[in-house]
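Given the structure is predicted, the values throughout are model-derived calculations rather than measurements.
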Amino acid sequence: MPRALITGITGQDGLYLAELLISKGYTVYGLIRGQNNPKIELVRRTVPDVRLVTGDLTDVSSLVRVLSEAQPDEVYNLGAISFVAYSWENAALTTDVTGKGVLNILEATRLYAGDDPASVRFYQASSSEMFGKVQEVPQRESTLLWPRSPYGVAKVFGHYMTINYRESYGMHASSGILFNHESPRRGPEFVTRKVTRAVARIRHGLQDALVMGNLDAQRDWGFAGDYVEAMWLMLQQPHGDDYVVATGETHSIRDLLNAAFDAAGIADWEPHVHQSQEFMRPAEVDLLVGDATKAREVLGWAPKVGFRELVAMMVEADLRDAAAEAR
Ligand code: GDP
């Protein structure tokens, strides 16, 4: 039975990836950070077969210990401080975890792999935020990176360090440049979930208004459950490489509001939505749209869930929660 270690097990992608790997017969270890991490219960409930191990991406000695305990064939580095807006307020911490944390786990993996560096397969969760002020439309693997936030800068460091370990040591290390991917498990600080939760609560009379930032930004949103399959496929290839994972479609925040209110049966969203400076960012990523041709041709990967279906899935889940709360 293959063995995998997932960092970031408590996040949306960690949970979907753990479910996928368990369905394929893997023994899955999940890295858990901190004392009394409140998300442990969520992981135990959602994926009870995952074996939890304690460690921290900023502590390389903990990673060395965890790798020797878990003995993984595949390492998926999904752990990060991942909320872009927060990264301006906590730039050094974001750099330590989201950036230098990648170096720490790469180095621990290299030491663990010993004489045969390619014997352990490594996945780095890179991000479309690396494209930032986009230099080409659509964005592909070769597009010049121009990050626009401390988070984006940290992800660029992790991306190039992954390539560097592949080229320097011959590691089987892959970088998945994933465009925004969402699900009912998405954290409520991200715009899709913020909107679908609010829409459901408005529908059930639990709140009146929704306060938003920039409504003109455009994103290429896919379903997280589809995207974790691409991660796994990357590690099944003969060599590590870099792949864009995207739907190739872009929608504005206004489109998101239309789709979400529509899915909840509310025809006109304008009376419910206000804008505030509070949710504007010091620098914005205006437009993201990915070209996943390489993933399609090499990995045979294609997204299954489209934008409206994704938004409807999230609204439905949040309507169930709101109905329970309203009772
Ligand atoms: P990101 O693409 O990783 O930054 O994902 P987010 O879901 O946090 O944000 C997506 C886009 O939505 C960005 O361009 C934000 O500026 C925009 N946006 C507009 N209003 C909001 C808001 O209230 N919250 C968040 N999180 N984003 C917002």
Asks: Should E41 and R45 count as an ion pair when the cut-off is N to O under 4.0 Å?
Replies: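 Salt bridge absent between E41 and R45.
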Asks: So do the side chains of Q275 and V211 get within less than 4.5 Å of each other, counting heavy atoms only?
Replies: no
Asks: Once you round to the nearest 0.5 Å, how far does CD of Q124 lie from CG of D242?
Replies: 10.5 Å
Asks: Find out whether H251 and W221 are in side-chain contact, i.e. whether some heavy atom of one side chain is under 4.5 Å from a heavy atom of the other.
Replies: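 In short, these two side chains touch, coming nearer than 4.5 Å.
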Asks: Does the distance from a Lys or Arg side-chain N to an Asp or Glu carboxylate O, for E69 and R3, drop under 4.0 Å?
Replies: no
Asks: Less than 3.5 Å apart, any donor N or O on the side chain of H272 or E270 sitting next to an acceptor on the other?
Replies: no
Asks: Would a 4.5 Å heavy-atom cut-off, applied to side chains only, mark L42 and T10 as touching?
Replies: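 Counting from C-beta outward, L42 and T10 never come under 4.5 Å.
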Asks: Sub-3.5 Å donor-acceptor pair from the side chain of N164 to the main-chain atoms of M161, do we have one?
Replies: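 Absent.
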Asks: Looking only at heavy atoms, which two atoms of E129 and S149 are closest? And how far apart?
Replies: OE1-OG, 4.4 Å
Asks: Would you confirm whether W301, through its side chain, and D226, through its main-chain N or O, come within 3.5 Å as a donor-acceptor pair?
Replies: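 Present.
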Asks: Take atom CG of D268 as the centre, draw a 6.0 Å sphere, and report whether it contains more than 12 heavy atoms from other residues, nucleotides or ligands.
Replies: yes
Asks: Side-chain donor-acceptor pair under 3.5 Å between S126 and S175, yes or no?
Replies: yes
Asks: At their closest point, which heavy atom of V120 faces which heavy atom of A113, and how far apart are they?
Replies: CG2-CB, 3.7 Å
Asks: Enumerate the residue pairs fulfilling ring pair (Phe, Tyr, Trp, His ring centres under 6.0 Å) with a member in residues 184-205, sequence neighbours excluded, ordered by first and then second residue.
Replies: F83-F190
Asks: Report yes or no: do L178 and V289 belong to one cluster of Ile/Leu/Val/Met/Phe/Trp/Tyr joined by side chain heavy-atom distances under 4.5 Å?
Replies: no
Asks: Hey, what do you get for CZ (F131) to CG (L144), rounding to the nearest 0.5 Å?
Replies: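 Spacing of CZ (F131) from CG (L144) equals 9.5 Å.
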Asks: Between L106 and I6, is there shared hydrophobic-cluster membership here, with clusters defined by ILVMFWY side-chain heavy atoms closer than 4.5 Å?
Replies: no
Asks: Determine whether S62 and D56 satisfy the following criterion, side chain to side chain donor-acceptor pair (under 3.5 Å), listing intermediate values before the conclusion.
Replies: CA-CA 6 Å; S62 78; D56 192 309; over 6 Å; no
Asks: Strictly below 4.0 Å, N to O, side chains only: are R219 and E284 in salt-bridge contact?
Replies: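 Between E284 and R219 there is a salt bridge, with a charged N closer than 4.0 Å to a carboxylate O.
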Asks: Answer yes when D241 and K294 have at least one side-chain N-carboxylate O distance shorter than 4.0 Å, and no when they do not.
Replies: yes
Asks: Might you work through the side chain to side chain donor-acceptor pair (under 3.5 Å) test for D13 and H181, ending with a clear yes or no?
Replies: CA-CA 9 Å; D13 293 9; H181 44 288; 2.6 Å; yes
Asks: If you look at every heavy atom in N104 and V60, which pair is closest and at what distance?
Replies: O-CG2, 3.6 Å
Asks: Tell me yes or no: between the side chains of Y26 and W232, is some donor less than 3.5 Å from an acceptor?
Replies: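 Y26 vs W232: donor-acceptor pair found between side chains.
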Asks: Do V195 and V285 land in one hydrophobic cluster if side-chain heavy atoms of ILVMFWY residues count as linked below 4.5 Å?
Replies: no
Asks: Are the charged groups of K194 and D318 less than 4.0 angstrom apart, N to O?
Replies: no
Asks: Looking only at side chains, do D96 and T58 share a donor and an acceptor under 3.5 Å apart?
Replies: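 No, T58 and D96 have no side-chain donor paired with an acceptor closer than 3.5 Å.
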Asks: I'd like to know if K304 pairs up with E229 as an ion pair, taking the criterion as any Lys NZ or Arg NE/NH1/NH2 lying under 4.0 Å from an Asp or Glu carboxylate oxygen.
Replies: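 Looking at E229 together with K304, the answer is yes, because their closest N to O distance falls below 4.0 Å.
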Asks: What heavy-atom pair brings D220 and T250 nearest, and what distance separates the two atoms?
Replies: N-OG1, 4.1 Å
Asks: Is the backbone N or O of Y86 less than 3.5 Å from a side-chain atom of N90, with the two atoms forming a donor-acceptor pair by type?
Replies: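 Answer holds: yes.
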Asks: Can you see whether E249 engages Q218 through a side-chain donor-acceptor pair at a distance of less than 3.5 angstrom?
Replies: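 No, no side-chain donor-acceptor pair sits under 3.5 Å.
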Asks: Is there a side-chain contact between N77 and L57 in this structure, where contact means two heavy atoms from C-beta onward sitting under 4.5 Å apart?
Replies: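 Result yes, sub-4.5 Å side-chain heavy-atom pair found.
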Asks: Show your reasoning for whether side chain to side chain donor-acceptor pair (under 3.5 Å) applies to T143 and E136.
Replies: CA-CA 6 Å; T143 302; E136 187 179 18; 2.6 Å; yes
Asks: When you measure from the side chain of T98 to the backbone of A154, do you find a donor-acceptor pair of N or O atoms at a distance under 3.5 Å?
Replies: no
Asks: Could R308 and D262 be called an ion pair, given the rule that one side-chain N must be under 4.0 Å from one carboxylate O?
Replies: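 Counted as a salt bridge, because a side-chain N and a carboxylate O are separated by less than 4.0 Å.
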Asks: Within the distance-only criterion (no hydrogens, no angle test), does the side chain of R201 pair as donor or acceptor with the backbone N or O of Q207 below 3.5 angstrom?
Replies: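 No, R201 side chain to Q207 backbone: no donor-acceptor pair under 3.5 Å.
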Asks: Is it true that R254 and D216 have a side-chain N and a carboxylate O under 4.0 angstrom from each other?
Replies: yes
Asks: When you check the side-chain N and O atoms of E182 and T192, is any donor under 3.5 Å from an acceptor?
Replies: yes
Asks: For the hydrophobic clusters of this structure (ILVMFWY residues joined by side-chain heavy atoms under 4.5 Å, transitively), does one cluster hold both I40 and I22?
Replies: yes
Asks: Indicate whether the side chain of S183 and that of Q12 have a donor and an acceptor atom separated by less than 3.5 Å.
Replies: yes
Asks: Under 6.0 Å between ring centres, would you say that holds for F223 and F307?
Replies: no
Asks: According to a 4.5 Å side-chain heavy-atom criterion applied to Ile, Leu, Val, Met, Phe, Trp and Tyr, with indirect links allowed, do Y76 and I105 form part of one hydrophobic cluster?
Replies: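 Cluster IDs for Y76 and I105 differ.
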Asks: V66 and V53: which non-hydrogen atoms are nearest, and at how many Å?
Replies: CG1-CG2, 3.7 Å
Asks: Okay, side chain of R121, backbone of H172: is any donor-acceptor separation there less than 3.5 Å?
Replies: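 No: the side chain of R121 does not pair with the backbone of H172.
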Asks: Measure across A292 and V244 and return the closest heavy-atom pair with its distance rounded to 0.1 Å.
Replies: CB-O, 3.6 Å
Asks: With distance as the sole test, does K155 use its side chain to make a donor-acceptor pair with the main-chain N or O of A125 at under 3.5 Å?
Replies: yes
